[in-house]
Amino acid sequence: MPELPEVELTRRHLDEAMRGRRLVRVSTTHPRTARHNAGGATEVDERLEGRTVREVGRKGKFLAAPLDDGQTLIAHLGMSGRFTIGDPSEEVALHTHFRATLDDGVEVRFIDPRTFGFVAVVSPEEMVESGLSRVGPDAWEMAPTAPDLADALGKRTAPVKALLLDQVIVSGLGNIYADEALHLAGIHPLRPGGELTVSDLERLLAAIEIVLGQALENGGTSLDDLAYLLPDGRAGENLERLRVYGRTGLPCPTCGAAVERIVIRARSSHFCPVCQPAP
DNA sequence: AACGATCCCTGTTGGC
DNA sequence: TGCCAACAGGGATCGT
């Protein structure tokens, strides 16, 4: 699944290809991909065509590209979305829902089998109304300090795992890296968020930085099913570096105990029962 | 307000 | 071997 590292690697490729480029022709071909614009695919295409991309940025798992007229192109990879950058003559892959031809002849495509992702174009006013304005501090670029995080968690009673997935508190973590960071920090996923000490949170923030940094260095995590691929078609190599995610029953890399799996908020959580003591 | 459940979707997997 | 139900999950939405 694309989480912060995969989105960031995608951003770098898109910025390289799109910065300063004009969108000559845009074609959105799936209604769910355009669902965040009331006018659907037609509106997305019309509002994007002719615009020039200033740069491609990112906040959490959202890609946000400001345009020359003040609008912003927003994209989310959902759980199966990926971009490709290439020649318009290349064969169009199944589940290609968005295509944009740039003024240098390059074509950017969005492929998303499960359609959890989307492409949207918003004005500054619409930006305020959109979910993007509510996205919290980016876990990589502007991670909060431990005291700030303690403040944000307050007396929250929800499991820390659920709170890490809440993009309002810290943005960019998904199921894989949340599990990985909690393991590295030695924190059980069911610990109530508000009960974590500043010391716990310092270890957690350090773990998040390590886990995300390692994933970025390794080109992201490509699961074997709906493999996440970089825009250049390469697969990430971080899968083999995962410590607990998807490793139920296998030995914990730290102590050797069998990794366990439980369900929290309808999401699988993997943890070591020894290194991450139950609350 | 906070929390938890439900829904969306389709490729893959596992059980019979 | 073949079929089909179950599973995976980010975020929006809704009920409590």
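Note on naming: letters A, B, ... go to the chains in the order of the sequence lines (proteins, then strands), and numbering restarts at 1 for each one. Just so it is clear, the values below take in all heavy atoms, side chains as well, and ignore hydrogens, waters and symmetry mates.
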Tell me which nucleotide among [options] gets nearest to the side chain of [X].
| X | options | result |
| --- | --- | --- |
| Pro113(A) | dG11(C), dA8(C), dG11(B) | dG11(B) |
| Met79(A) | dG4(B), dG9(C), dA12(C) | dG9(C) |
| Pro159(A) | dG4(B), dG11(B), dG11(C) | dG4(B) |

### Query
salt bridge (Lys or Arg N to Asp or Glu O under 4.0 Å) with Asp148(A): which residues, sequence neighbours excluded?
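In terms of salt bridge (Lys or Arg N to Asp or Glu O under 4.0 Å), with neighbours along the sequence ignored, Asp148(A) is linked to no residue.
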### Query
Looking only at N and O atoms, is any donor in the side chain of Arg267(A) or the base of dG11(C) less than 3.5 Å from an acceptor on the other one?
yes
### Task
Quick one: stems involving DNA chain C, counted as three or more successive Watson-Crick or G-U pairs, both distances short of 3.5 Å.
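DNA chain C forms these stems: B:2-16 with C:2-16.
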Less than 3.5 Å apart, which donor and acceptor atoms pair up between the side chains of residues 152-159 of chain A and the rest of the protein, not counting sequence neighbours?
none

### Query
Separation of Arg265(A) atom CZ from dA12(C) atom C1', in whole Å?
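Spelled out: CZ on Arg265(A) to C1' on dA12(C) is 14 Å.
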For residues 160-173 of chain A, please give each side-chain donor-acceptor pair under 3.5 Å, one per line with the distance, not counting sequence neighbours.
residue: Lys161(A); atom: NZ; partner: Asn175(A); partner atom: OD1; Å: 2.6
residue: Lys161(A); atom: NZ; partner: Asp179(A); partner atom: OD1; Å: 2.7
residue: Lys161(A); atom: NZ; partner: Ser268(A); partner atom: O; Å: 3.2
residue: Lys161(A); atom: NZ; partner: Ser269(A); partner atom: OG; Å: 2.8
residue: Asp166(A); atom: OD1; partner: Val168(A); partner atom: N; Å: 2.9
residue: Gln167(A); atom: OE1; partner: Gly172(A); partner atom: N; Å: 2.8
residue: Gln167(A); atom: NE2; partner: Leu165(A); partner atom: O; Å: 3.0
residue: Gln167(A); atom: NE2; partner: Leu173(A); partner atom: O; Å: 3.0
residue: Ser171(A); atom: OG; partner: Gly136(A); partner atom: O; Å: 2.9
residue: Ser171(A); atom: OG; partner: Pro137(A); partner atom: O; Å: 3.3

### Task
Let me know which of Val211(A), Leu4(A), Leu182(A) forms a side-chain contact (heavy atoms from CB on, under 4.5 Å) with Tyr177(A).
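The single option meeting the side-chain contact (heavy atoms from CB on, under 4.5 Å) with Tyr177(A) is Val211(A).
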### Task
Check the geometry between Phe116(A) and dG11(C) and answer yes if their rings are stacked (centres below 5.5 Å, planes below 30°), otherwise no.
no
### Task
If a pair satisfies salt bridge (charged side-chain N to carboxylate O under 4.0 Å, His left out) and one of its residues is in residues 64-74 of chain A, list it, with sequence neighbours excluded.
Arg51(A)-Asp68(A), Arg51(A)-Asp69(A)
### ILVMFWY clustering at 4.5 Å (side-chain atoms), partners of Val244(A)
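Its cluster partners, ordered by chain and number, are Val259(A).
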